Amino acid sequence: MSYLIVGSGFWGATIAERIATVMKQPVTIIDKRDHIGGNCHSSLDEETGIECHRYGSHIFHTSIPQVWEYLSRFCEFTSYRHKVLITHGGKVYAMPINLFTINAFYGKNFTPSGAEAFLAAEIARDRIEQPANLEEKAVSLIGRPLYEAFIRNYTRKQWERDPKKLPSAIISRLPFRTCYNMDYFNDTWQGVPRDGYFTLFKNMLAHPNITVRLNCDYASIRSEIPSDATVIYTGMPDELFGYKYGELEWRSLRFEWETHDVRDFQGTTVMNYADPDVPWTRIHEFKHYHPERTAPFNGGKTVICREYPATWSRGEEACYPVNDERNTALYARYAAEAAQTPGLILGGRLGAYRYWDMDKAVADALHVFETRILPMSATL
Ligand code: UDP
């Protein structure tokens, strides 16, 4: 029996580490890119020494004790807590929407209960009883004016579709508060790996039972795979099955990198842009993730990256699943076929076609390992 894992993001790396450590079995993990870590990959910018998240900001946050304990074996996390700002109409506001945002937007000095009463009246105007989509859900939480300022156009840019055609679950990712807590996440544990995501992944995969092959495409080695091997596949399911039921829809991203001769470009890690006349959705400034790295942090240069949402087509990086009715039904056909295919396990954010945060991918990998992979060792 041998194990091949396709894709070295959090889901694949967790499964590899578990097979190597718990089952004491050899496992090969391949990745078509030239690095491990999938979209969580980070590396040091040569010129400035600033650690850059190569596929956009990744902030670790979880309330799942097992996931926190598991990843803490491979890295130490900093105490960084994510706070986002958003530019709308030439002014900067706090995001997610909280009492700072509400008071600045309406030009008021509401207390929490004052804001709640005011917004309840705003929300009541739309008479939404059962929110059926992203727009209705957002309006039922914050009222139409705040929705139109901070959510509608950002969401249109991000997803390139009307928020009425998007599932409400997407907006439920964001907290909404009537106090002055500006944290982007509610989770118990938050931070970024002190020594970088690249070190975290290197540590996860450092076990002698694990072989890593980079620049290695699954299609190019498919014929070499022994017939009794278990293939644990974290790529796109439609591609795996030759698009036989049709193509799943994804959203992609394009990143434009710039180095500036200023110590601080925007004063924060992430600035969102709510308005339609600005083509990017956000600007990341990576030095702010590591104020404790004093030399690059205080240095006279900074690295920023503008994030542009992009239409996905074959060959591009798939970043977000589009979990609408059509795609959910189509994915179910591929998942059913995968379940019927001996020696195949499908998973990860792409393989499961789920809009997961990093911790959900790790939690799912730990579960799949315990329930589907570990039991195989009993039959060896
Ligand atoms: N969103 C928004 N305005 C913002 C930030 C987020 O409308 O300033 C909406 C948008 O629809 C987005 C969703 O909230 O797709 C989830 O945002 P999140 O920051 O969780 O997205 P991610 O970091 O995963 O790209």
Side-chain angles (χ1 to χ4, degrees), residues 9-10 38-40 53 55-62 81-89 91-98 100-102 104-105 131 133-177 182-187 190 192 249-255 266 268-276 278 280-284 289 305-310 312 317-324 349-350 353-361:
F10 263 122
N39 282 359
C40 308
H53 300 180
Y55 304 89
S57 287
H58 280 74
I59 304 96
F60 192 79
H61 56 100
T62 191
R81 288 182 85 90
H82 199 40
K83 293 182 175 28
V84 173
L85 297 171
I86 184 162
T87 299
H88 162 64
K91 276 188 69 180
V92 174
Y93 299 86
M95 192 73 192
I97 291 167
N98 62 70
F100 278 117
T101 329
I102 298 163
F105 181 73
N133 55 56
L134 193 158
E135 174 169 312
E136 290 181 7
K137 179 76 185 175
V139 170
S140 71
L141 286 170
I142 57 176
R144 189 159 288 278
L146 285 168
Y147 162 74
E148 289 187 353
F150 298 111
I151 307 293
R152 185 181 60 187
N153 296 313
Y154 184 101
T155 298
R156 277 191 183 155
K157 284 198 279 190
Q158 171 74 26
W159 296 93
E160 226 180 344
R161 66 187 64 201
D162 190 323
K164 287 195 200 71
K165 301 222 161 66
L166 286 165
S168 58
I170 293 178
I171 207 65
S172 304
R173 292 172 58 83
L174 298 187
F176 159 66
R177 304 187 187 104
M182 279 180 63
D183 283 355
Y184 203 66
F185 307 113
N186 282 329
D187 285 312
Q190 306 186 24
V192 288
E249 209 176 344
W250 307 87
R251 294 291 296 156
S252 193
L253 296 173
R254 183 168 64 79
F255 298 104
Q266 63 180 14
T268 192
T269 44
V270 178
M271 176 70 76
N272 287 0
Y273 286 84
D275 297 337
V278 179
W280 52 85
T281 45
R282 46 192 172 188
I283 297 181
H284 311 260
Y289 284 117
C305 159
R306 289 173 212 272
E307 179 176 319
Y308 297 80
W312 176 86
E317 297 299 347
C319 298
Y320 299 93
V322 183
N323 297 111
D324 62 9
R349 179 158 154 153
L350 298 185
Y353 202 62
R354 299 283 289 275
Y355 188 176
W356 273 335
D357 288 324
M358 294 178 274
D359 67 323
K360 302 298 181 307

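Computed from a prediction, not measured in an experiment: that's the story for all the values here. Numbering of ligands and ligand atoms starts at 1, following listing order.
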**Message:** For a quick check under 3.5 Å, do Glu135 and Tyr147 share a side-chain donor-acceptor pair by atom type?
**Reply:** yes
**Request:** For the residue pair Phe10 and Phe60, categorise the inter-ring angle as parallel (less than 30°), tilted (30 to 60°) or perpendicular (more than 60°).
**Result:** tilted
**Item:** Amino acids contacting ligand 1, non-hydrogen cut-off under 4.0 Å
**Value:** Ile86, Met95, Phe150, Ile151, Tyr154, Thr155, Gln158, Trp159, Ile170, Ile171, Arg173, Leu174, Tyr184, Asn272, Arg282, Tyr320, Tyr355
**Message:** For Asp183, is there any backbone N or O sitting under 3.5 Å from a side-chain donor or acceptor partner on Arg177?
**Reply:** yes
**Message:** Under the criterion side-chain contact (heavy atoms from CB on, under 4.5 Å), I'd like the reasoning laid out for Tyr93 against Phe105: C-alpha separation, chi angles, the key distance, then a yes or no.
**Reply:** CA-CA 8 Å; Tyr93 299 86; Phe105 181 73; 4.1 Å; yes
**Prompt:** Can you name the one residue among His284, His58, His53 that meets ring pair (Phe, Tyr, Trp, His ring centres under 6.0 Å) with Tyr289?
**Reply:** His53
**Message:** Against the six-membered ring of Tyr320, is Arg251 placed for a cation-pi contact (under 6.0 Å from the centre, within 45° of the normal)?
**Reply:** no
